[in-house]
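To start, the structure itself, in structure tokens.
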Amino acid sequence: KYVINLNGRRDGSSRFSLGRQFGNFGSVGAAWIFSKEDFFNDLSFLSLGKLRASYGIVGGDGLGDYQYLASFRSGSAPYQDTPALALERLADDSFSWTTNKKLEVALSLGFLNGRINTDVMWYRNRSGNQLVSYPLPATAGVSSIITNLPALVENSGIEVNIQTLNIVSD
């Protein structure tokens with residue numbers, strides 16, 4: 001009748017500098033199959049009744065390898081007959097994991113011995129701390145730097161599923 005799921009994880013990525021390589025993430029979920037309760041015995045038309053909810057956080061490292069290090073390329077003009085190097089990317093060891101937080105609540109109902117099944121789900125996904133290429137002025141020597149943007153992107157909605165088994169025969 002009662003279900004609880006717990007999940008914990010520690011992810012590591014070489015795409016971040018020392019001290020920021022690891023992230024701790026997890027989720028929790030719970031469900032109550034209320035159709036198995038004694039007070040639902042008289043409702044013969046209801047074959048399944050379940051209420052569930054879950055919340056979880058995952059991390060992302062969606063960028064190229066070693067982007068926290070400065071990089072240089074061969075310059076086009078030597079300086080006093082010495083080959084020159086030009087800055088290609090600024091070092092930035094401060095960026096870290098993107099976070100995605102997901103919340104969902106759902107109600108599942110089954111009728112007529114499972115011939116009609118419905119699910120109604122509400123969800124909200126929030127992405128924060130996104131890794132972006134932030135533009136810099138030309139005087140910086142490079143056009144952009146990768147950093148975490150402190151904005152929050154959210155999408156939420158409702159999903160409805162209906163499944164029917166219309167004909168049963170041999």
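FYI, the numbering just counts along the sequence from 1. Because the structure is a prediction, the values reported are computed rather than measured.
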L112 and S47 have their tightest heavy-atom pair at N-OG, 4.3 Å
- Between the side chains of E37 and W32, does any donor sit under 3.5 Å from an acceptor? yes
Of all heavy-atom pairs linking I57 and F25, the shortest is O-CB, 3.1 Å
Shared hydrophobic cluster for L90 and F95 (ILVMFWY, side-chain gaps under 4.5 Å): no
- If you group Ile, Leu, Val, Met, Phe, Trp and Tyr by side-chain heavy-atom gaps below 4.5 Å, do Y2 and L6 land in one group? no
- Query: Is any side-chain heavy atom of N7 closer than 4.5 Å to a side-chain heavy atom of N5?
  - Reply: no
Count the heavy atoms belonging to other residues, nucleotides or ligands that lie under 6.0 Å from CZ of R9, then report whether that count exceeds 12. no
Taking the side chain from R124 and the backbone from N155, do they hold a donor-acceptor pair closer than 3.5 Å?
no
Checklist entry - Any chance the rings of W97 and F22 have centres within less than 6.0 Å? => result no
message: Please check this pair: side chain of R126 against backbone of L152, looking for a donor-acceptor N/O pair closer than 3.5 Å.
response: no
- Task: Assess whether side-chain contact (heavy atoms from CB on, under 4.5 Å) is satisfied between S54 and L103, documenting all intermediate values.
- Result: CA-CA 6 Å; S54 63; L103 173 65; over 6 Å; no
Tightest non-hydrogen contact, residues D61 and R15, listed as O-NH1, 3.1 Å
Quick check against the 3.5 Å criterion: does S35 have a side-chain atom that pairs as donor or acceptor with the backbone of G49? yes
For M121 and A106, the nearest pair of non-hydrogen atoms, with its separation, is CG-CB, 3.4 Å
Would you indicate whether the side-chain heavy atoms of Q130 and V153 approach each other to under 4.5 Å? yes
Exercise. Any side-chain heavy atom of S71 sitting closer than 4.5 Å to one from E88?
Worked result: yes
Practice problem: Could you state whether V28 and V58 fall into the same hydrophobic cluster, counting links through intermediate Ile, Leu, Val, Met, Phe, Trp or Tyr residues with side-chain heavy atoms under 4.5 angstrom apart? | Solution: no
Legend entry - Any side-chain heavy-atom pair of Y68 and D92 under 4.5 Å: no
Exercise for review: Kindly indicate, with the supporting measurements, whether the criterion side-chain contact (heavy atoms from CB on, under 4.5 Å) is fulfilled by L131 and N148.
Suggested key: CA-CA 5 Å; L131 288 164; N148 290 101; 3.5 Å; yes
Are I146 and L63 side-chain neighbours, meaning at least one heavy-atom pair lies under 4.5 Å?
yes
key: Carboxylate-amine/guanidinium proximity below 4.0 Å for E104 and R52   = yes
For K102 and N125, the nearest pair of non-hydrogen atoms, with its separation, is CG-OD1, 3.4 Å
Taking a hydrophobic cluster as the set of Ile, Leu, Val, Met, Phe, Trp and Tyr residues connected by side-chain heavy atoms closer than 4.5 Å, whether directly or through intermediates, do Y134 and L87 fall within one such cluster? yes
### Message
Under a 3.5 Å threshold, yes or no: a donor from one side chain and an acceptor from the other, between S108 and D119?
### Response
yes
Does the side chain of S127 come within less than 4.5 Å of T99's, by heavy atoms? no
Heavy atoms of D93 and R20 approach each other most closely as O-NE, 3.1 Å
Step-by-step side-chain contact (heavy atoms from CB on, under 4.5 Å) determination, L109 to L46: CA-CA 7 Å; L109 298 173; L46 185 66; 4.1 Å; yes
Quiz item: Does the side chain of F111 reach to within under 4.5 Å of the side chain of L48, using non-hydrogen atoms?
Solution: no
field: Verify same cluster id: L51, V120 (apolar side-chain graph, 4.5 Å)
entry: no
